[in-house]
Colleague: 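Take a look at the following structure, please.
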2 protein chains.
Amino acid sequence: MVRKTKEDAEITRQRIIDAARELFAEHGVSKTSLDKIAKHADVTRGAVYWHFKNKTELFHAMREQVFLPLIDRIDSTLLSSKNEINPLQRIEGFLIDTVRVLSNDTATRQTYEVLMAKCEYVDEFAEVLQQILNNCDGIVGNIEQVYQEAQQQSLINPSHSPTELAMDTHLFFSGLLHMWVKDSEGSRFRNQAETLIRTHIKLRKK
Amino acid sequence: MVRKTKEDAEITRQRIIDAARELFAEHGVSKTSLDKIAKHADVTRGAVYWHFKNKTELFHAMREQVFLPLIDRIDSTLLSSKNEINPLQRIEGFLIDTVRVLSNDTATRQTYEVLMAKCEYVDEFAEVLQQILNNCDGIVGNIEQVYQEAQQQSLINPSHSPTELAMDTHLFFSGLLHMWVKDSEGSRFRNQAETLIRTHIKLRKK
DNA sequence: TTGCATACATACAAGAATGAATGTAAATTA
DNA sequence: TAATTTACATTCATTCTTGTATGTATGCAA
């Protein structure tokens, strides 16, 4: 079969992204050739080059599919439910929710694996690192706001600044995600991630 | 020049490791060919293949050169000075010391960069991940012991278990190192790493 | 229904990169 | 000092990958 309708083309594009993600997660970005991706998606390299300029753009497309929903979740879980739930619970909820998404959604989990342990941040990919760092800044800022609320409600020890707490939480969670992803057996971190999060938040409570 | 004495050969071997580390840090492991490494070390691929079976073994050799000193430092900084310094200070000291090594020692810093952002943990490299995780287990265990001492000396809140504290500290530091390494400009984490560590420890104090 | 753009498939050229094979001169050993 | 390693250098064959160029059948618009 050749020429397809627009919807078919969109399906093909998504199939290529899916194939790329799966192979990236299995063999790493650099060892996955566009030909292997094409074959895994049941198309030829022609189709891949039609939809994406090169492997880098395909990588970016894969990343965006988890990055954009993350932004949404930050808004909905951390910020939007402003006054209803207590601030510390909102932070805890956001972190636990993130871990749950990783547990339940294979695509998201694979993408995180690729981003954190199966790609090399050099040359064209170096800019991705900057985007990730910028993204972190945003998250830390959001967490800081919520800690500020917590402080106004006297939920936490007043000697700790929201800035410090937010950064500490971010580093904790960053480390947790790295370990979670790398602990593929699940024995060390995956099974007890939620407990670790609750403990971390508990440490802040008055 | 051709055949060298044993000491010369050892120098050559080290030069190859150094060249590999520098190129790995600049262009990533997979995009660095053995030929480039050889040329950067002023030898040919023949020399590289003489000293190392392949790129993977060269990678392992590079890793060992920072891994073994780390083990030593855990013993000397965390454990050996048992009764002299207070436990929380020992943990804080170990973490700060680690960050200082990264700041001052280019080779160690480059190796960490490679290990954390410029290699892909797949296929032959997947086992390296397991080694890293095992290593983490050890470190967490050591930290836990020291927290136990701290608890016996009533330095920390008794409602927090040493196990929980140790894991939380490890995740915090793991995240910090990842961010430290990736924040090559230094603006976000490198400059304030020591402050972040002191804050983290401060959160535990009674 | 004609014509153009789309969504691919196929074919081609060129450049790495690897591993192994072979060459070689000096160091070491007997 | 002769024989044997050692410590590389050089060469070769093969595979993999990329980018591009070209072919082609179909959807869609006028």
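Below, chain A is the first sequence line, B the second, and so on; all start at residue 1.
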Colleague: Without decimals, in angstroms, what is the distance between Lys31(B) NZ and dT17(D) C1'?
Modeller: 12 Å
Colleague: Check the distance between dA7(D)'s C1' and Ile11(B)'s CD1 and give it to me in whole angstrom.
Modeller: 14 Å
Colleague: Whole Å only: how far is the CD1 atom of Ile37(A) from the P atom of dT17(D)?
Modeller: 11 Å
Colleague: In residues 43-65 of chain B, which residues come under 4.0 Å of DNA chain C by heavy atom?
Modeller: Arg45(B), Tyr49(B), Lys55(B)
Colleague: Expressed as a whole number of angstroms, how long is the span from Glu124(B):CD to dT18(C):P?
Modeller: 12 Å
Colleague: So, is Thr12(B) near the phosphate of dC8(D), with a side-chain N or O under 4.0 Å from OP1 or OP2?
Modeller: yes
Colleague: Between Arg15(A) and Asp18(A), is there a salt bridge with N-O shorter than 4.0 Å?
Modeller: no
Colleague: Rounded to whole angstroms, how far apart are NZ on Lys39(A) and P on dC8(C)?
Modeller: 18 Å
Colleague: Using salt bridge (charged side-chain N to carboxylate O under 4.0 Å, His left out), reason through Lys39(B) and Asp35(B) one step at a time and then give a plain yes or no.
Modeller: CA-CA 6 Å; Lys39(B) 285 189 173 127; Asp35(B) 187 54; 2.9 Å; yes
Colleague: In whole angstrom, what separates His27(A)'s NE2 from dT17(D)'s P?
Modeller: 11 Å
Colleague: When the distance from CG of Leu34(B) to P of dT18(C) is rounded to whole Å, what number comes out?
Modeller: 5 Å
Colleague: Can you measure Asp8(B) atom CG to dA25(C) atom P for me and round it to whole angstrom units?
Modeller: 19 Å
Colleague: Indicate yes or no: does Glu194(A) engage Arg100(A) in a salt bridge with an N to O separation below 4.0 Å.
Modeller: yes
Colleague: Holding to side-chain contact (heavy atoms from CB on, under 4.5 Å), I want the full list of residues that pass it with Ala47(B), two or more places apart in sequence or in another chain.
Modeller: Ile16(B), Val43(B)
Colleague: Tell me, which pairs form a salt bridge (charged side-chain N to carboxylate O under 4.0 Å, His left out) where one or both residues lie in residues 160-170 of chain B, sequence neighbours left out?
Modeller: Lys202(A)-Glu164(B), Asp168(B)-Arg204(B)
Colleague: Has Arg63(B) got its NZ or CZ under 6.0 Å from the middle of the six-membered ring of Phe67(B), at an angle within 45 degrees of the ring axis?
Modeller: yes
